[in-house]
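Index from 1, following the sequence. Predicted model, so just to flag it, every value in this text is computed and none were measured.
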Amino acid sequence: MATDDVTAQVRGWFTGRLPGDWFTGAPEIIVDREEIAVLGPLPDPPQDAPEAERAALIDGLARRFREETRERRIEIAREAEHKFRQKVSWGVVCGGETVMFTTLSVPVMTRLRQAERQVLDTLVAAGVARSRSDALAWCVRLVGRHTDTWLADLRDALQHVDRVRAAGPDVNS
């Protein structure tokens with residue numbers, strides 16, 4: 001099944017399953033090989049709130065949502081994990097900030113040359129990261145933050161490739 005089809009099924013299932021009063025809009029459902037992330041929008045804090053108050057309000061809204069919905073989220077996640085054979089993580093978006101409650105940390109194997117390892121070792125020595133693994137994760141987050149448009153275009157292109165493959169002849173017959 002094409003990636004678009006799986007994502008559409010997951011999105012449809014969660015749209016039908018989630019209580020309608022949890023979020024202020026449609027949740028964003030992000031699917032990859034290991035995990036389904038459900039990110040729901042909460043009410044934004046007032047625009048005129050001072051920055052410290054705004055940050056505390058976002059934190060409070062996220063914590064309240066997390067506590068008040070815990071049992072139902074666990075129930076829904078178990079159903080989804082059984083149905084789709086993937087772990088489910090949860091988060092909220094409030095005031096432009098994303099707060100994740102649960103996420104997977106998946107090991108990724110990579111081979112790096114000496115110059116690349118030295119970059120990671122420098123980040124560790126400078127205290128930016130605790131380990132090479134943390135340093136690599138930091139680098140990936142940094143690249144992701146600064147290349148959102150490029151990565152979005154690349155993901156769109158990959159979805160197009162999936163659609164073309166799905167429409168093509170079946171080579172397994």
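- Under the ring-ring contact (aromatic ring centres under 6.0 Å, His included) criterion, F101 pairs with no residue at all, not counting sequence neighbours.
- Taking the side chain as every heavy atom from C-beta outward, V38 and L18 approach each other to under 4.5 Å.
- Annotation: the span from R141 atom CZ to L136 atom CG amounts to 10.0 Å, rounded to 0.5 Å.
- Residues forming a ring-ring contact (aromatic ring centres under 6.0 Å, His included) with F14 (at least two apart in sequence, or on another chain): none.
- Residues C139 and L123 form a side-chain contact, since some pair of their non-hydrogen atoms from C-beta on lies under 4.5 Å apart.
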For residues 76-88, dump all side-chain donor-acceptor pairs below 3.5 Å to protein atoms at least two apart in sequence or in another chain.
| from | atom 1 | to | atom 2 | distance (Å) |
| --- | --- | --- | --- | --- |
| E79 | OE1 | R17 | NE | 2.9 |
| E79 | OE2 | R17 | NH2 | 2.8 |
| E81 | OE2 | V88 | N | 3.1 |
| Q86 | NE2 | D32 | O | 2.4 |
| Q86 | NE2 | R33 | O | 3.2 |

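- Shown here is R72, whose CZ atom has more than 12 heavy atoms of other residues, nucleotides or ligands within 6.0 Å.
- R11 and T7 are not linked by any side-chain donor-acceptor pair at a separation below 3.5 angstrom, with hydrogens and angles left out of the test.
- Residues H160 and D156 are not in side-chain contact: their nearest non-hydrogen atoms beyond the backbone lie 4.5 Å or more apart.
- With contacts defined as side-chain heavy-atom distances shorter than 4.5 Å, the pair E28/F23 does not qualify.
- Ion pairing between D121 and R117 fails under the 4.0 Å rule for side-chain N and carboxylate O.
- The pair E67-R70 meets the salt-bridge criterion, since a charged nitrogen lies less than 4.0 angstrom from a carboxylate oxygen.
- Both V99 and F65 belong to a common hydrophobic cluster when Ile, Leu, Val, Met, Phe, Trp and Tyr are linked at side-chain heavy-atom distances under 4.5 angstrom.
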Next item on the list: Could you walk me through whether M100 and L39 pass the side chain to side chain contact (heavy atoms under 4.5 Å, CB included) test, one step at a time?
Entry: CA-CA 8 Å; M100 294 301 296; L39 296 164; 3.1 Å; yes
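- In this structure, the side chain of T24 engages the main chain of P41 through a donor-acceptor pair within 3.5 Å.
- By the 4.5 Å heavy-atom criterion applied to side chains, I29 and I36 are counted as neighbours.
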Checklist line | Step-by-step side chain to side chain contact (heavy atoms under 4.5 Å, CB included) determination, D134 to W138 | finding: CA-CA 6 Å; D134 284 344; W138 182 86; over 6 Å; no
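- Summarising the local packing, CD of E34 is surrounded by more than 12 heavy atoms from other residues, nucleotides or ligands at distances under 6.0 Å.
- Inter-residue side-chain proximity for C94 and L57 is flagged as unmet; no heavy-atom pair is nearer than 4.5 Å.
- Under the 4.5 Å side-chain heavy-atom criterion for Ile, Leu, Val, Met, Phe, Trp and Tyr, L112 and V108 are members of distinct hydrophobic clusters.
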